[in-house]
Structures are given as structure tokens and as C-alpha cells.
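The figures here come from the full heavy-atom set of this structure, side chains too, leaving out hydrogens, waters and symmetry mates.
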Amino acid sequence: MCRYCKDMVTTLITSINGVSRVNVNVPKRTVNVTYDSRITDAHVIRMTLQEAGYKNIIESFNAF
């Protein structure tokens, strides 16, 4: 993942209604997303990335 990819992923995900924060970690190849589950969900985020050509998307959830 390069700087261009980081910017592209950030732009794609922040364009989704309900997303409030995106943090892309290039060295770890991870993306952390904060979103309002009443407006969107992880499936929408995952599908947006897959449609843009990003593969091997694995979800990880932490419950608080």
C-alpha cells in the first residue's frame, strides 16, 4: 500500500454516509473505521473497498 492508496482508501471510506473517522496504517496494511451503525455498516464499507479493487479485506471487531 502506497501513499496514493492511503489517500484513495481514506477518500472512499469517508464518502460513505455515517463514517466519522478513518485511520489508514500503511506499514501494517490496516484501516480502522469509526461509523454510526444506525446509518451504515461494515458490509457497505467492505463492498466499497472491493468495488474499488482492494482485495483480501478481513474484518476485525472489538466490542466495548
Can you name the side-chain contact (heavy atoms from CB on, under 4.5 Å) partners of Thr14, sequence neighbours left out? Thr10, Val22
Pick out which of Asn32, Ile13, Thr34, Val33 makes a side-chain contact (heavy atoms from CB on, under 4.5 Å) with Arg21. Thr34
Pairwise side-chain contact, Ile45 with Tyr35, heavy-atom cut-off 4.5 Å (strictly under): yes
With sequence neighbours excluded, tell me which residues meet side-chain contact (heavy atoms from CB on, under 4.5 Å) with Asp7. Arg3
Are the side chains of Tyr54 and Leu12 in contact, using a 4.5 Å heavy-atom criterion? yes
Closer than 3.5 angstrom, by distance alone: can the side chain of Thr40 be matched with the main-chain N or O of Gly18 as a donor-acceptor pair? no
Could you state the interatomic distance from CD1 (Ile39) to CG (Asn17), rounded to the nearest 0.5 Å? 5.5 Å
dist Asn23:CG -> Lys6:NZ (nearest 0.5 Å) comes out at 7.0 Å
How long is the gap from CG on Asp41 to CD1 on Ile16, to the nearest 0.5 Å? 9.5 Å
